[in-house]
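To start, the structure itself, in structure tokens.
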Amino acid sequence: MNSEKLHRVFLGLGSNLGDKEANIRNAISLISERVGLVVRQSSLISTEPWGFESDHRFVNAAVLCETTLTPRQVLHATQKIERELGRTHKSVGGHYADRLIDIDILLYDELRVDEPDLQIPHPLMLERDFVMIPLGEIRD
């Protein structure tokens with residue numbers, strides 16, 4: 001059920017394995033192709049792991065896309081991009097691990113969604129500087 005209305009979706013990205021900057025760039029390129037036009041992109045920031053111990057620092061960023069996709073379609077598209085870029089499993093139940101790429105839906109218009117596998121706004125974003133700093137760069 002695509003509508004022709006353009007929706008504003010903010011996505012958070014993170015990587016702490018491999019060529020982290022390239023992982024983020026590749027993800028943003030695929031997001032632009034499959035989710036919608038990337039109209040704003042934050043700078044890349046380097047951050048400590050959050051919620052788990054690791055020797056690998058993260059590179060994080062945020063983007064604003066204009067999309068005709070529904071929130072559920074955005075979720076499926078971003079999860080497919082994660083898999084294609086080498087992500088083998090999602091963090092579940094607060095157990096986090098190193099990852100090649102992570103893409104989270106932060107905001108979608110003014111919408112609120114509370115489903116087991118999709119929560120908008122992202123429920124933990126306010127606790128995470130690695131989300132809020134890049135988001136603050138590109139948010140109105």
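Along the sequence shown, residues are numbered consecutively beginning with 1.
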For [X] against [Y], the heavy-atom pair lying closest together:
X      : Y      : result
Gly36  : Cys65  : O-SG, 3.8 Å
Leu100 : Gly86  : CD1-O, 3.5 Å
Arg112 : Pro121 : NH1-CD, 3.2 Å
Ala77  : Val35  : CB-CG2, 3.9 Å
Ile81  : Ala27  : CG2-CA, 4.3 Å

Under a 4.5 Å cut-off applied to non-hydrogen side-chain atoms, are [X] and [Y] in contact?
X     : Y      : value
Ser15 : Arg99  : no
Asn60 : Arg128 : no
Leu37 : Leu6   : no
His76 : Gln73  : no
Trp50 : Leu124 : yes
Ile31 : Leu13  : yes
Lys5  : Asp109 : yes
Ile24 : Ile101 : yes

Hydrophobic cluster membership, with links at side-chain heavy-atom distances under 4.5 Å among I/L/V/M/F/W/Y: are Met132 and Phe130 in one? yes

Is Leu44 reachable from Val63 through a run of I, L, V, M, F, W or Y residues, each pair having side-chain heavy atoms under 4.5 Å apart? yes

Rounded to the nearest 0.5 Å, what separation is found between the [atom1] atom of [X] and the [atom2] atom of [Y]?
X      : Y      : atom1 : atom2 : answer
Asp102 : Leu85  : CG    : CG    : 12.0 Å
Glu84  : Leu30  : CD    : CG    : 6.5 Å
Gln119 : Leu106 : CD    : CG    : 13.0 Å
Leu17  : Asn23  : CG    : CG    : 8.0 Å
Leu118 : Leu75  : CG    : CG    : 5.5 Å
Arg72  : Glu115 : CZ    : CD    : 4.5 Å

Tell me, yes or no, whether the heavy-atom count around Glu110 atom CD, taken from other residues, nucleotides or ligands under 6.0 Å, exceeds 12. no

Around atom CG of Asp55, are there more than 12 heavy atoms of other residues, nucleotides or ligands at under 6.0 Å? no

Leu11 vs Ile105, side-chain contact (heavy atoms from CB on, under 4.5 Å): CA-CA, chis, key distance, verdict: CA-CA 5 Å; Leu11 302 172; Ile105 301 171; 3.8 Å; yes

Any donor-acceptor pair under 3.5 Å linking the side chain of Glu82 with the backbone of Ile103? yes

Look at the side chain of Glu21 and the backbone N and O of Val59, then say whether any donor-acceptor pair between them is shorter than 3.5 Å. no

Can you run down the salt bridge (charged side-chain N to carboxylate O under 4.0 Å, His left out) pairs that involve residues 22-33, sequence neighbours left out, and say none if there aren't any? none

With sequence neighbours excluded, tell me which residues meet ring pair (Phe, Tyr, Trp, His ring centres under 6.0 Å) with Phe10. none

Any pair with a residue in residues 103-126 that passes ring-ring contact (aromatic ring centres under 6.0 Å, His included), sequence neighbours left out, goes on the list, sorted by first then second residue, please. His7-Tyr108

Using a strict threshold of under 4.0 Å (side-chain N to carboxylate O), is an ion pair present between Arg57 and Glu48? yes

Using side-chain contact (heavy atoms from CB on, under 4.5 Å), reason through Leu107 and Met125 one step at a time and then give a plain yes or no. CA-CA 10 Å; Leu107 300 164; Met125 71 181 203; 3.7 Å; yes

Full working for side-chain contact (heavy atoms from CB on, under 4.5 Å) between Gln41 and Ile138: CA-CA 7 Å; Gln41 176 182 330; Ile138 62 171; 5.7 Å; no

